[in-house]
Amino acid sequence: VSVVDHSYDFRNWTPRTYSSLFAAGEQAGISRLYGGIHYLPSIQIGLELGHKLGGKIGRMKLID
């Protein structure tokens, strides 16, 4: 599922498009590395956990 980020529409910035939620997460993670906020192992573990959680949610049966 592709994702379009409209977070900065209020500033008239061009929306960013990602091929998947995971791709958006990768971009967010690497930006935190460049910003000196997180180390690479933390980013990799966070992406792995997010992927596992997303898979579990995707397999859940929703209650009516």
Which residues end up grouped with [X] if you chain together Ile, Leu, Val, Met, Phe, Trp and Tyr wherever their side-chain heavy atoms are less than 4.5 Å apart?
{"X": "I57", "value": "L53, M60"}
{"X": "F10", "value": "Y8, W13"}
{"X": "V4", "value": "none"}

Gap separating the CG atom of L40 from the CG atom of L33, nearest 0.5 angstrom: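 So the gap between those two atoms works out to 6.0 Å.
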According to side-chain contact (heavy atoms from CB on, under 4.5 Å), who are the partners of I45, at least two apart in sequence or on a separate chain?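 Once residues adjacent in sequence are excluded, the partners of I45 under the side-chain contact (heavy atoms from CB on, under 4.5 Å) criterion are L49.
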Give every residue pair that meets the salt bridge (Lys or Arg N to Asp or Glu O under 4.0 Å) criterion with at least one member in residues 2-18, sequence neighbours excluded.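 Salt bridge (Lys or Arg N to Asp or Glu O under 4.0 Å) check on residues 2-18 returns no pairs.
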Is there any side chain to side chain donor-acceptor pair (under 3.5 Å) pair reaching into residues 19-48, and which pairs are they, with sequence neighbours excluded?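 For residues 19-48, and leaving out neighbouring residues, the side chain to side chain donor-acceptor pair (under 3.5 Å) pairs sorted by first residue read E48-K52.
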Compare every heavy atom of V3 with every heavy atom of L21, then report the nearest pair and how far apart it is.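 Scanning both residues, the minimum pair turns out to be CD2-CG2, 3.5 Å.
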Following the transitive rule for hydrophobic clusters with a side-chain heavy-atom cut-off under 4.5 Å over Ile, Leu, Val, Met, Phe, Trp and Tyr, establish whether Y18 and L47 coincide in one cluster.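 Looking at the clustering, L47 is in a separate group from Y18.
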